[in-house]
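Heads up, the thing below is written out as structure tokens.
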Amino acid sequence: MKLYNTETKTKADFIPIDPNHVTMYVCGPTVYNYCHIGNFRPPVVFDVLARVLRAKYPKLTYVRNITDIDDKINAAAAEQGVEISHITEKFTQAYHDDLAVLDVLPTDVEPKVTEHVADIHAEIQSLIDQGHAYEAQGHVLFSVASYPGYGELSKRDPDELLAGARVDVAAYKRDPGDFVLWKPSASDQPGWDSPWGRGRPGWHIECTAMAAKHLGDTIDIHGGGNDLVFPHHENERAQSTCSHGAKFVNYWLHNGLINMNQEKMSKSLGNVLLLKDLATQMPGEVIRYILLSAHYRAPLDWSDDVVQQAKNSLDRLYGVLRKMQDVDVPNDIANHIPAAFDAAISDDLNTPKALAELFALAKQANASQADMTHEEKVNIKAALLQSGYWLGLLQADPQAWFEGDSNDDQAADIERLIAERAQAKADKNWQRADEIRDELAAKKVVLEDGPSGTIWRIEN
RNA sequence: GGCUCGAUGGCAGAGUGGUUAUGCAGCGGCCUGCAAAGCCGUGUACACCGGUUCGACUCCGGUUCGAGCCUCCA
């Protein structure tokens, strides 16, 4: 497959270091608050990539961290007068709940910073020993000047970075571009003992330590939002390369951000949509569909229109599956991925194109189901389901999808009225039949008469 | 100001140097007791100005507009 690499700015064939074992690291959340929809684009995008890689290679180790040491966490804990673990445990759980709503599969490893403090110390010591880091006033700083490759990922000239620096530079820095690896904690702040005094790690060293510990010095794929390219990934790259003397990442992948009304979703603008709130208004699958309806590198505008369109589009696909409910597919359908779908998803994860291939299958099924052999139906349904699985879509029961959140009592009620209407229709009592349909329509229930009886769905 | 990316039909969104993207919405038809679903058909789409080319939405240059980033503080 081909992947676009931020570092080379080109799309290239993906060649793993070890074809029998692919490695991928994606930056996870800092657990100090509920996550908004923008925070979930990376987990969903890289979940699709993980599903595809697992299908194409014998083994994938996918690591996505939890950042549970951070000054924002400290601030939240101090504000609420609780231990930081109280904050981090609560929001780690919330994050997992949200991922489940989006049908994001678990990663192989989910390391926490608090469990890797010793590894972080080792990385920092390694950098000091090799002359890439220095101690100053309780801080340990990375020396940007010690690494000529600094700026290659984010396409920045270190000299110009200095010129553009708009914050006061701390006096203890040798170079304004130097960034902190370890910083001291005041006695009332959370801190960990270290060779450089009690303190806490800087922003970037944690990912270096966790990636190296779980995936080795050089990893195949590193992903994240494109707001992380600089400084986070640039700094990770500098730390890892200097500490281990090896290339850090072969393929850097970055997703575009989600906009609300043409603006970045951010708390300061007050335009965030928390996933847990969104999930009360629509199925998680609709959210996931929206996230995959644009190419992962493109920005994505969130709007009510987009939500409705996604819902309607999924209705179309589930409509096909509902029509084929009585077609049994074999358990093992992994080899039913259509070539065109595979080609689309393998072309730098072109999910919009892949979705179009799904609609092509749907059209084929809708147009010619009556003349299809049983085997053809099995094949097309298996293709839809397996392609859907790669995207993390279409795995729900089709009837349940259309019934929405209506309960059994309501369903029984609807079925009773449908039976009454069937009798009215048999009696050619169109007036009564239409009365029943109108009555149900008032409750958002839409009827569809088909050759095998009447089915119903809840209107969006 | 610097770096990076983008501008496609009512909306969303792929793609390609000359051929239908796809979905949603709309319109016409078929089907239906009537609908719904589905099928068929349908719409001055490729920001602007130059250039390259037999031919550009697609390549090159410029303009305009938009988005993200510009750390160590928070």
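Per chain, numbering begins at 1; letters A, B, ... match sequence-line order. Bear in mind that the values here come from a model prediction, so they are computed numbers and not experimental data.
- A side-chain donor-acceptor contact under 3.5 Å links A:R198 to the backbone of A:A186.
- A cation-pi arrangement is absent between A:R316 and A:F359 under the rule of less than 6.0 angstrom and at most 45 degrees off the ring axis.
- The nearest whole Å value for the distance from the CG atom in A:D301 to the C1' atom in B:rG6 is 12 Å.
- For B:rA37, the OP1/OP2 oxygens have a side-chain nitrogen or oxygen of A:R457 closer than 4.0 Å.
- Contact check, A:N226 against B:rU4: no side-chain N or O comes under 4.0 Å of OP1 or OP2.
- Within the structure, every pair that satisfies the side-chain hydrogen bond (donor to acceptor under 3.5 Å, both in side chains) test and touches residues 177-192 of chain A, not counting sequence neighbours, is listed here: A:D71-A:K183, A:Y134-A:D178, A:W182-A:S194, A:S185-A:R200.
- Remark: A:R41 is not positioned above the aromatic ring of A:Y296, lacking an NZ or CZ atom under 6.0 angstrom from the ring centre and at most 45 degrees off the axis.
- Both cation-pi conditions hold for A:K72 and A:Y32: the charged atom is under 6.0 angstrom from the six-membered ring centre and inside a 45 degree cone around its axis.
- Judged by distance alone, with hydrogens and angles left aside, A:R437 brings a side-chain donor or acceptor within reach of the base of B:rC34, the pair sitting under 3.5 Å.
- Distance NE2 (A:H254) to P (B:rA67): 21 Å, rounded to an integer number of Å.
- Of the listed nucleotides (B:rA36, B:rC24, B:rU71), B:rU71 has the atom at the smallest distance from the side chain of A:N235.
- Judged by distance alone with a 3.5 Å cut-off, a donor-acceptor contact links the side chain of A:D434 to the base of B:rG33.
- Note that A:R156 lies in the cation-pi zone of A:F230, set by a 6.0 Å cut-off to the ring centre and a 45° limit from the axis.
- Contact check, A:K155 against B:rC69: no side-chain N or O comes under 4.0 Å of OP1 or OP2.
- Stretches of at least 3 consecutive Watson-Crick or G-U wobble pairs, with each checked distance under 3.5 Å, appear in RNA chain B as B:1-7 with B:64-70, B:10-12 with B:22-24, B:26-30 with B:38-42, B:47-51 with B:59-63.
- Taking side-chain N and O atoms only, A:K425 has no distance below 4.0 Å to OP1 or OP2 of B:rU32.
- A straight line from NE2 of A:H233 to P of B:rU71 spans 17 Å, rounded to a whole angstrom.
- Checking B:rA14, B:rU71, B:rG68 against the side-chain heavy atoms of A:N350 singles out B:rA14 as nearest.
- Partner of A:Y318 under the side chain to side chain donor-acceptor pair (under 3.5 Å) criterion, chosen from A:Q399, A:E285, A:R457: A:E285.
- With hydrogens and angles ignored, a donor-acceptor pair under 3.5 angstrom links the side chain of A:Q309 to the base of B:rC11.
- Nucleotide B:rC73 holds its P atom 11 Å from the NZ atom of A:K72, rounded to whole Å.
- Looking at the side chain of A:N312, the nearest of the listed nucleotides B:rU22, B:rC24, B:rA35 is B:rC24.
- Note that A:R51 lies in the cation-pi zone of A:Y389, set by a 6.0 Å cut-off to the ring centre and a 45° limit from the axis.
- Taking only side-chain atoms of A:K9, from C-beta outward, the nucleotide of B:rG33, B:rU4, B:rU22 with the closest atom is B:rU4.
- Distances shown here put every side-chain N or O of A:R237 at or beyond 4.0 Å from the OP1 or OP2 atom of B:rU71.
- Proximity of A:R316 to the phosphate of B:rG38: a side-chain N or O atom is located under 4.0 Å from OP1 or OP2.
- Under 4.0 angstrom from either OP1 or OP2 of B:rC39 there lies at least one side-chain N or O belonging to A:N366.
- RNA chain B is contacted by both A:H295 and A:D315; A:H295 maps to the nucleotide lying nearer its 5′ end (nearest heavy atom per residue).
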